[in-house]
Amino acid sequence: MPSQTTTRRLAAALCTGLLTVSLGAAAAQPAAAYSPDGAQEQSAPGNSGNAGRPDSPGNSGNAGRPDSPGNSGNAGRPDSPGNSGNAGRPENPGKPDNPGRPGGDDAGAAECAFAPEGGRTDYDAGRDSLRAHSDDGIRIGNVAAGGGHFDDEGSTDPFFGEDGYQEHLAAEYSSITHENYLKWEFVHPEEGVYDFEAADAVVEFAQAHDMDVRGHALSWHSQNPDWLEEGDHSPEELRGILEDHVRTVVSRYAGCIQQWDVANEIFGDDADATIRDEENIWIRELGVEVLDDVFRWAHEEDPDALLFYNDYNVDGVNAKSDAYYDLVQGQLERGVPVHGFGAQTHLSMNYGFDETYQENLERFDALGLYTAVTEIDVRGDVGEDDRMNDEDRAGAAERFETVLQACLEVDNCNSFTIWGTLDAHSWVPGTFPGEGDATLHEGDYERKPTYCVIQRTLVEHQEGGDSWAEDAAFEECRGILEEAGV
Ligand code: XIL
């Protein structure tokens, strides 16, 4: 469970982001986004959010579960199938020839230990759903919401506690990510103790509903447990702790998690995009070189998983994305198995949109990397009805469309994940007071214009324009977009 200290640390980090972004934005970035006003105001009223969590997320098929959750293990999965731990790196570490996408037929891939008997279950998606129009080339995802701000706000985790939530995810999305459950403070709450209960359940759910999983995140400066941040470990001990964590978590989910955010948010928001060598315990204590090792350890434990960097405010060619570009280029030259670059894409209508979004993805693609839109939401100032004004709503829909189009245009942009289902679940209102309306659904899963532009863009991309414009299946969205003027 996230402690109040952790929450304060997160708020402080966000606040720092605010101060530096406002300087950096003028100099280098027209489109800063994740820089919350008043994030320090976030309250931390105790941590009771998980009280009602059932043991499983409502699907059976646990036959393959390797061991009991919530314990010990530094051995990863005891029975880890087909996971030698020392496999050679592919010749081109940037983009493996065989990325081992799920549902694919790469014979050497580890078998997911959380698959129901008979393997991952097929799912028959409705014609008007987003997942019906995603494929191996691009997965459309959302989060298994829970932990983090839900705990801080003392509310129930939607993934485990809300009727209809899981059904909605399965009906609309072909990919899922643990919003918080795979972060250190959840999965590694005490030194030497791992708690996989929630994380396992999400992976089982994905397997039972034919969804990919984006693993988030193996190393970060935020949402770390107190025992780590406030512990008194030598650099050598820290290195051992990190290696154990990475190997344990990645091996457990080998064959289940197709993409990992291996290093999250390592650069700052200052004009020079300085590496976070104060806030990030790993970089501070072990030096930036440790990143090479983190990627190598993860790759050894699951050679088929695609290993990503992930950050916000890299939504265009700017100082921060330049910093990633240089870092990755050097790593590829050294043979480090880095495979992907993720742009979180937390956008706000209070900032501009950087027209170099696609160009930025393209340059990482040209390096031989996969790219992904990993956490998109588009927020804005809201009124009493929790909605933006009509103009901002239409503008937000256009941004979703532009970003999705960019991803579809870039060959190896292989997933597009929305950060939140209903507005009521989103991290935005609690983190950016006064802002909201950032997701695709509102009320009781009613579709917003943002949903409908994504549907339209995917269908037109896959089937051509006539289909979306004429097929009765898309009538609802045609009406919503017509009314919104999008
Ligand atoms: C957010 C979660 O959505 C919240 O529940 C939590 O309180 C804070 O973290 N960048 C990331 C994500 O990489 O992990 C963050 O998720 C949003 C910003």
Side-chain angles (χ1 to χ4, degrees), residues 101-104 122-142 167-176 209-212 343 345 347 349 353 355-359 361-362 365 370-373 376-378 388 390-418 421 437-486:
R101 287 202 186 94
D122 284 344
Y123 188 87
D124 201 6
R127 172 134 176 80
D128 63 339
S129 70
L130 302 185
R131 72 175 294 174
H133 306 280
S134 71
D135 54 26
D136 275 2
I138 184 167
R139 300 287 177 170
I140 306 295
N142 211 310
E167 289 75 7
H168 172 76
L169 284 181
E172 288 292 350
Y173 299 102
S174 53
S175 172
I176 191 172
H209 297 88
D210 195 17
M211 298 163 94
D212 283 7
T345 322
L347 302 177
M349 295 310 292
F353 178 76
E355 296 300 332
T356 61
Y357 192 96
Q358 184 174 326
E359 185 187 333
L361 296 188
E362 272 162 1
D365 192 75
Y370 287 90
T371 57
V373 178
I376 188 169
D377 49 19
V378 187
M388 296 184 241
D390 290 348
E391 195 186 333
D392 279 351
R393 273 207 139 192
E398 277 159 19
R399 288 194 189 180
F400 271 104
E401 182 176 26
T402 305
V403 173
L404 178 56
Q405 283 286 9
C407 186
L408 290 168
E409 287 296 318
V410 176
D411 278 354
N412 288 297
C413 181
N414 65 7
S415 69
F416 181 91
T417 297
I418 296 111
T421 49
D437 206 3
T439 69
L440 309 187
H441 292 86
E442 60 193 336
D444 189 20
Y445 295 101
E446 281 122 38
R447 293 169 171 176
K448 299 203 275 184
T450 45
Y451 175 93
C452 292
V453 288
I454 291 176
Q455 184 199 71
R456 182 176 70 191
T457 307
L458 288 171
V459 173
E460 289 182 350
H461 178 78
Q462 200 178 53
E463 303 179 10
D466 292 350
S467 173
W468 188 85
E470 289 167 13
D471 191 319
F474 308 120
E475 197 174 339
E476 179 192 357
C477 269
R478 284 197 297 271
I480 289 172
L481 289 187
E482 196 175 326
E483 197 182 323
V486 180

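Residues satisfying the salt bridge (Lys or Arg N to Asp or Glu O under 4.0 Å) test with D128, not counting sequence neighbours, are R447. Under the side chain to side chain donor-acceptor pair (under 3.5 Å) criterion, T356 pairs with D354, not counting sequence neighbours. The salt bridge (Lys or Arg N to Asp or Glu O under 4.0 Å) check on E362 picks up nothing, with sequence neighbours excluded. By the side chain to side chain donor-acceptor pair (under 3.5 Å) test, E463 pairs with R127, S467, sequence neighbours left out. Residues passing the side chain to side chain donor-acceptor pair (under 3.5 Å) test with T417, sequence neighbours excluded: none. Under the salt bridge (Lys or Arg N to Asp or Glu O under 4.0 Å) criterion, R478 pairs with no residue at all, not counting sequence neighbours. Qualifying ring pair (Phe, Tyr, Trp, His ring centres under 6.0 Å) partners for Y123, counting only residues two or more places apart in sequence or in other chains: none. By the ring pair (Phe, Tyr, Trp, His ring centres under 6.0 Å) test, F400 is found to be paired with no residue, residues two or more places apart in sequence or in another chain being considered. Scored by the salt bridge (Lys or Arg N to Asp or Glu O under 4.0 Å) test, D135 finds no partners at all (sequence neighbours excluded). For S415, there are no side chain to side chain donor-acceptor pair (under 3.5 Å) partners, not counting sequence neighbours.
Contact record, D437 with M388: OD2-N, 2.8 Å, taken as the closest heavy-atom pair. Residues I138 and C407 approach most closely at CD1-SG, 3.5 Å, considering heavy atoms. Taking all atoms of both residues into account, the shortest heavy-atom contact from K448 to I480 is C-CG2, 4.0 Å. Nearest heavy-atom pair across Q358 and V410 is CG-CG2, 3.9 Å. Scanning both residues, Q462 and A132, for their nearest heavy atoms gives OE1-O, 3.9 Å. Nearest heavy-atom pair, A171 versus A125, reported as atom, atom and distance to 0.1 Å: O-CB, 4.5 Å.
Annotation: the span from E460 atom CD to Q455 atom CD amounts to 10.0 Å, rounded to 0.5 Å. Taking CE of M349 as the start and CZ of R393 as the end, the distance is 12.0 Å to the nearest 0.5 Å. Taken from NE2 in H209 to CD1 in I176, the straight-line distance is 9.5 Å, to the nearest 0.5 Å. T421 contributes atom OG1, which lies 6.5 Å from atom CG of L169 (distance to the nearest 0.5 angstrom).
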Give the intermediate values and the outcome of side chain to side chain contact (heavy atoms under 4.5 Å, CB included) for residues H168 and Y173.
CA-CA 8 Å; H168 172 76; Y173 299 102; 4.0 Å; yes

Given side chain to side chain contact (heavy atoms under 4.5 Å, CB included), test Y357 with T345 step by step and report yes or no.
CA-CA 10 Å; Y357 192 96; T345 322; 2.7 Å; yes

In sequence, state the C-alpha distance, the side-chain angles, and the governing distance for I376 and V403, and then conclude on side chain to side chain contact (heavy atoms under 4.5 Å, CB included).
CA-CA 9 Å; I376 188 169; V403 173; 3.9 Å; yes

Evaluate side chain to side chain contact (heavy atoms under 4.5 Å, CB included) for T450 paired with T439, printing each intermediate quantity in order.
CA-CA 7 Å; T450 45; T439 69; over 6 Å; no

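For the pair V459/H461, no side-chain contact is recorded, criterion being any heavy-atom separation below 4.5 Å from C-beta on. L130 places none of its side-chain heavy atoms less than 4.5 Å from the side chain of F416.
Within the structure, every pair that satisfies the salt bridge (charged side-chain N to carboxylate O under 4.0 Å, His left out) test and touches residues 394-407, not counting sequence neighbours, is listed here: E401-R456. Listed by first and then second residue, the disulfide (SG to SG under 2.5 Å) pairs that reach into residues 441-486 are C452-C477, sequence neighbours excluded.
More than 12 non-hydrogen atoms from other residues, nucleotides or ligands lie less than 6.0 angstrom from CG of D471. Within a 6.0 Å sphere centred on CD of E482, other residues, nucleotides and ligands contribute 12 heavy atoms or fewer.
A donor-acceptor pair is defined here as one N or O able to donate and one able to accept, closer than 3.5 Å; no such pair exists between the side chain of N412 and the backbone of D365. Of the possible donor and acceptor atoms, none in the side chain of S174 sits under 3.5 Å from a partner among the backbone N and O of R131. Put simply, the side chain of D377 never gets that close to the backbone of A438: no donor and acceptor are under 3.5 Å apart.
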